[in-house]
There are 2 protein chains.
Amino acid sequence: MTTPAQGLHSHVLATLGLAITAGEYPPGTVLRTDELAQRFDVSRTVVREVVRVLESMHLVESRRRVGVTVLPTASWNVYDPQVIRWRLAGADRPRQLRSLTVLRSAVEPVAAGLAALHATPEQCRELTEQALGMVATSRGRRLEEYLVHDIAFHRVVLNASGNEMFARLGDVVAEVLTGRTHHHVMFEDPDPAAVTLHVQVAEAVRERNAARAEELTRQIAVGALQELDVLAP
Amino acid sequence: MTTPAQGLHSHVLATLGLAITAGEYPPGTVLRTDELAQRFDVSRTVVREVVRVLESMHLVESRRRVGVTVLPTASWNVYDPQVIRWRLAGADRPRQLRSLTVLRSAVEPVAAGLAALHATPEQCRELTEQALGMVATSRGRRLEEYLVHDIAFHRVVLNASGNEMFARLGDVVAEVLTGRTHHHVMFEDPDPAAVTLHVQVAEAVRERNAARAEELTRQIAVGALQELDVLAP
DNA sequence: GGGAATTAAAAGTACTACTTTTACGTCACA
DNA sequence: TGTGACGTAAAAGTAGTACTTTTAATTCCC
């Protein structure tokens, strides 16, 4: 039904997590562990372990004599990559993509500025390579190939920033870019202006020009935000 | 020893989580569940649930026939509030504070800009109130009171931004500000310039001047970063 | 010396019995 | 009629045991 899953735990976790983040159980809904055990045809042990994980994500709260209560969205660990993936797979995907894109627009310019200061020669090389890859695949409906380079590019920038918190947003950016590409009409090639900006960012980083790297990345971010507005006003 | 803990699970989780994030078990260390069960004098059931949670935070990885392996820092869910709290309580607290402050410097200006666009009248009022509270407590060694207003101020800005991802950083900011205050020499009152900037941000938001709110918050961030450099060069 | 078969160690799963907490209903008393 | 103490039962929490499954490591054969 959902994911094949290797291991009962993963299967139950994926199913329940997806259902909760999709809003199938409104906040306040109470589930009982042995009811769940029966429903998924697994032992209470497995269910308990799943509940503990969901509890650590603040999706649910388990209380004695009451049961497992679904918590309101406001308390969810929305930075948990697993939660992000579930939500992107669910109904409020557009809302989620918007939130994440705004986050990107705040973080990536600063990260690029830091990258210009801290990037190793190897990272500079990698950055240029990915930018050129984007140029090469920017025409002729090669969106999938373009996406790979785009993700790699942003990942390198975030890693090169030298900030751990930024680096860990690589997966989030990957999800957003993937979602964007696959949600798009997929007919048109990427905006040539954006492609050029990426090449220029690589240049700026190579030249250790932090202010320019930051400003150029800010322009990329503005483009991404405008794109969202065009799609969902 | 560590936390009193109501519930065996919480106790074991807190102890193990703290130990791992503190680097007491270098990456690659393998633990065995029944060894842990023995060490903490709890059943394997409890240990397994704890391991599952640590696994969901990507602090450890559990493999059959091998055991529970401690993962390298790079794979940790560093945005998990629990992980943040553990790390701030541990040895690399300074490094952690720096990472988080850089993150703040990227996010908060953008959040302030959005707050200027989206803040409700109630939020504007609250913002002004907290800013005035900061002014009132900015002199005469009233650092603890000042801190309360400071935290509240930034929380309102993040919430008013209307972006879920920003809003959830309220706790992180609170931790950083608290850590900063309690780590400081505690002798001197807050920088008057910073206090003024907060008042001006509240003004800018009230006047719906997004660009100004953003720029002023950027100045606050710059101040926070410089402060870090002064303390730990 | 290399590859296939064997082994055993550890996690994964199930089940059952028991303990602890606590929401809720009951009943006595004012 | 309202209020508070009390008892009950429901559900999670914990323990222990028995069994299954995966898989690293060793052995053994060619």
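Letters go in sequence order (proteins before strands), and every chain restarts at 1.
- Whole-Å rounding puts the A/Asp34 CG to C/dA17 P distance at 15 Å.
- Among the heavy atoms of the strands lying under 4.0 Å from B/Thr45 is at least one base atom, whether or not backbone atoms are also near.
- Nucleic acid contact class of B/Val51 (heavy atoms, under 4.0 Å, all strands): none.
- For the OP1/OP2 pair of C/dG12 and a distance below 4.0 Å, the side-chain nitrogens and oxygens of B/Ser62 include at least one atom meeting the criterion.
- For A/Arg85 and A/Asp80, the salt-bridge test fails: no basic side-chain N is under 4.0 Å from an acidic carboxylate O.
- In this structure, B/Phe40 places its CZ atom 17 Å from C1' of D/dA15, rounding to the nearest Å.
- Mapping A/Arg64 and A/Arg44 onto DNA chain C by nearest heavy atom places A/Arg44 closer to the 5' end of the strand.
- In this structure, the nucleotide among C/dG12, D/dG13, D/dA15 sitting nearest to the side chain of B/Ser43 is D/dA15.
- Ring centers of A/His149 and A/His154: at least 6.0 Å apart, outside the cut-off.
- Between B/Arg63 atom CZ and B/Glu55 atom CD the span is 11.5 Å, to the nearest 0.5 Å.
- Taking atom CZ of residue A/Arg48 and atom P of nucleotide C/dG12, one finds them 16 Å apart after rounding to whole Å.
- B/Gln38 has its CD atom 14 Å from the C1' atom of D/dG16, to the nearest Å.
- The distance from atom CZ of B/Arg32 to atom C1' of C/dA11 is 12 Å, rounded to the nearest whole Å.
- Atoms CG (A/Asp41) and P (C/dA14) sit 8 Å apart, rounded to a whole Å.
- To the nearest 0.5 Å, atoms CZ (A/Arg206) and CD (A/Gln123) are separated by 14.0 Å.
- No hydrogens or angles were tested; on distance alone, nothing pairs the side chain of A/Arg65 with the base of D/dA11 as donor and acceptor under 3.5 Å.
- Residue A/His9 contributes atom NE2, which lies 17 Å from atom P of D/dT22 at whole-angstrom precision.
- When the side-chain nitrogen and oxygen atoms of A/Arg52 are compared with OP1 and OP2 of D/dG13, one or more of them lie within a distance under 4.0 Å.
- If you check every strand for non-hydrogen atoms under 4.0 Å, B/Arg63 touches sugar and phosphate atoms only.
- Within the nucleic acid shown, A/Val66 comes within 4.0 Å of sugar-phosphate atoms alone, with no base atom in reach, counting heavy atoms only.
- A salt bridge does not link A/Glu164 with A/Arg168: every distance from a Lys NZ or Arg NE/NH1/NH2 to an Asp or Glu carboxylate oxygen is 4.0 Å or more.
- The distance from atom NE2 of A/His11 to atom P of C/dT13 is 12 Å, rounded to the nearest whole Å.
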